[in-house]
Amino acid sequence: MMDRKIRVVVAKPGLDGHDRGAKVIARAFRDAGMEVIYTGLRQTPEQIVQTAIQEDADAIGISILSGAHEHYFKVIVEMLKERGAGDIIVFGGGVIPESDVPRLLELGAGAIFGPGTPTSECIKWLEEAVAKKREKEGVNG
């Protein structure tokens, strides 16, 4: 029996209109055999969380270039917990200062990938994170 494919929501919160990085990582995840739901530009945290829950996502990848990363990670992680979906993995990338990464991890982000990170590194991390999540939940796929 084949394991269920990893389902990942790739999201662009806020007013930032640059989505090249989000599209690149969405394509890389798709090419790696994952099911990808790209939310498009200018999504609210509520829309992102609702999409992840409706789509039974394993993870949410947040792409941020606007400088509002701490706000969006905090709100999204809190909303997931409030809605009983705190097991959804949250990770991100974009233009995020290295000095802010520890705070994002503290808020609940699983990983932060900066500009120039090879997509293979992101794929490997997500595959391992989802495998650990599913093992912990006793789910084979």
Side-chain angles (χ1 to χ4, degrees), residues 2-141:
M2 186 179 250
D3 285 352
R4 181 173 73 89
K5 288 183 177 185
I6 293 171
R7 294 180 59 85
V8 59
V9 170
V10 175
K12 286 291 300 181
L15 300 176
D16 175 19
H18 298 88
D19 64 349
R20 175 182 246 164
K23 287 180 177 177
V24 167
I25 198 65
R27 177 55 143 299
F29 288 151
R30 198 170 287 125
D31 289 350
M34 299 178 196
E35 292 182 21
V36 178
I37 300 93
Y38 174 54
T39 64
L41 294 169
R42 299 178 181 91
Q43 298 295 295
T44 66
E46 292 85 0
Q47 290 170 315
I48 294 166
V49 168
Q50 191 60 35
T51 297
I53 291 169
Q54 286 177 346
E55 295 290 343
D56 193 24
D58 294 295
I60 299 172
I62 303 170
S63 173
I64 299 182
L65 304 173
S66 66
H69 41 273
E70 185 173 336
H71 168 74
Y72 286 119
F73 275 93
K74 181 178 183 189
V75 170
I76 289 168
V77 169
E78 285 177 0
M79 283 183 161
L80 287 168
K81 288 177 183 174
E82 287 168 4
R83 297 179 184 179
D87 63 322
I88 295 176
I89 298 162
V90 179
F91 66 99
V95 180
I96 298 171
E98 279 292 318
S99 60
D100 292 351
V101 171
R103 175 68 179 142
L104 298 179
L105 297 175
E106 194 178 284
L107 289 171
I112 302 296
F113 301 100
T117 302
T119 56
S120 58
E121 186 178 319
C122 302
I123 292 164
K124 182 177 184 221
W125 178 85
L126 185 55
E127 288 172 341
E128 291 173 358
V130 170
K132 286 178 191 171
K133 171 187 175 253
R134 289 180 179 178
E135 184 179 312
K136 188 187 215 180
E137 295 171 346
V139 177
N140 293 327

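Keep in mind it's a predicted model, so treat the numbers as computed, not measured.
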Asks: Using side-chain contact (heavy atoms from CB on, under 4.5 Å), reason through V90 and Y72 one step at a time and then give a plain yes or no.
Replies: CA-CA 11 Å; V90 179; Y72 286 119; over 6 Å; no

Asks: Taking the side chain from K12 and the backbone from H18, do they hold a donor-acceptor pair closer than 3.5 Å?
Replies: yes

Asks: Which atoms form the tightest heavy-atom contact between I53 and A85, and what is the distance?
Replies: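 Minimum heavy-atom contact is CG1-CB, 3.9 Å.
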
Asks: Evaluate side-chain contact (heavy atoms from CB on, under 4.5 Å) for R134 paired with R4, printing each intermediate quantity in order.
Replies: CA-CA 10 Å; R134 289 180 179 178; R4 181 173 73 89; 3.4 Å; yes

Asks: Which value, rounded to the nearest 0.5 Å, describes the distance between D100 atom CG and F73 atom CZ?
Replies: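 Going from CG on D100 over to CZ on F73, the span is 11.0 Å.
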
Asks: Applying side-chain contact (heavy atoms from CB on, under 4.5 Å) to D87 and K133, what does each step give before you reach the verdict?
Replies: CA-CA 8 Å; D87 63 322; K133 171 187 175 253; 3.7 Å; yes

Asks: Which atom names give the shortest non-hydrogen contact between A11 and I60, and what distance separates them?
Replies: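 Minimum heavy-atom contact is CB-CG2, 4.5 Å.
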
Asks: Does R83 CZ have over 12 foreign heavy atoms under 6.0 Å away?
Replies: yes

Asks: Would you compute the distance between atom CD1 of I88 and atom CG of D56 and round it to the nearest 0.5 angstrom?
Replies: 7.5 Å

Asks: Looking at CD1 of I76 and CD1 of I62, how far apart are the two atoms once the value is rounded to the nearest 0.5 Å?
Replies: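 Result: 3.5 Å between the selected atoms.
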
Asks: With V49 as reference, evaluate Q54, E82, M79 under the side chain to side chain contact (heavy atoms under 4.5 Å, CB included) test and give the passing residue.
Replies: M79

Asks: Before you tell me yes or no, could you show the steps for I25 and F113 under side-chain contact (heavy atoms from CB on, under 4.5 Å), namely the whole-Å CA-CA distance, both residues' side-chain angles and the distance that decides it to 0.1 Å?
Replies: CA-CA 11 Å; I25 198 65; F113 301 100; over 6 Å; no

Asks: Which heavy-atom pair separates A52 from V9 by the least distance, and what is that distance?
Replies: CA-CG2, 3.8 Å

Asks: Could you measure the distance from the CD atom of E35 to the CD1 atom of I6? Nearest 0.5 Å is fine.
Replies: 10.5 Å

Asks: Main chain of V8, side chain of D58: is a donor-acceptor contact present, judged purely on distance under 3.5 Å?
Replies: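 Not confirmed, D58 side chain does not pair with V8 backbone.
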
Asks: Which pair of non-hydrogen atoms, one from T117 and one from C122, has the smallest distance, and what is that distance?
Replies: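 The pair with the smallest heavy-atom distance is CG2-SG, 3.9 Å.
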
Asks: Let me confirm one number: the CZ-NZ distance from R30 to K23, rounded to the nearest 0.5 Å.
Replies: 11.0 Å

Asks: Please name the pair of heavy atoms, one in A22 and one in Y38, separated by the smallest distance, quoted to 0.1 Å.
Replies: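 In terms of heavy atoms, the two residues are closest at CB-CE1, 3.9 Å.
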
Asks: Using the rule salt bridge (charged side-chain N to carboxylate O under 4.0 Å, His left out), only one of E127, E128, E121 pairs with K124; which is it?
Replies: E128

Asks: Do L126 and M34 touch side chain to side chain, with heavy atoms closer than 4.5 Å?
Replies: yes

Asks: Of the non-hydrogen atoms in S63 and P13, which two are nearest, and what is the gap between them?
Replies: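 That would be O-CD, 3.6 Å.
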
Asks: Quick check against the 3.5 Å criterion: does Q50 have a side-chain atom that pairs as donor or acceptor with the backbone of I48?
Replies: no

Asks: Give me the one residue out of I112, I64, V101, L107 that meets side chain to side chain contact (heavy atoms under 4.5 Å, CB included) with H69.
Replies: I64

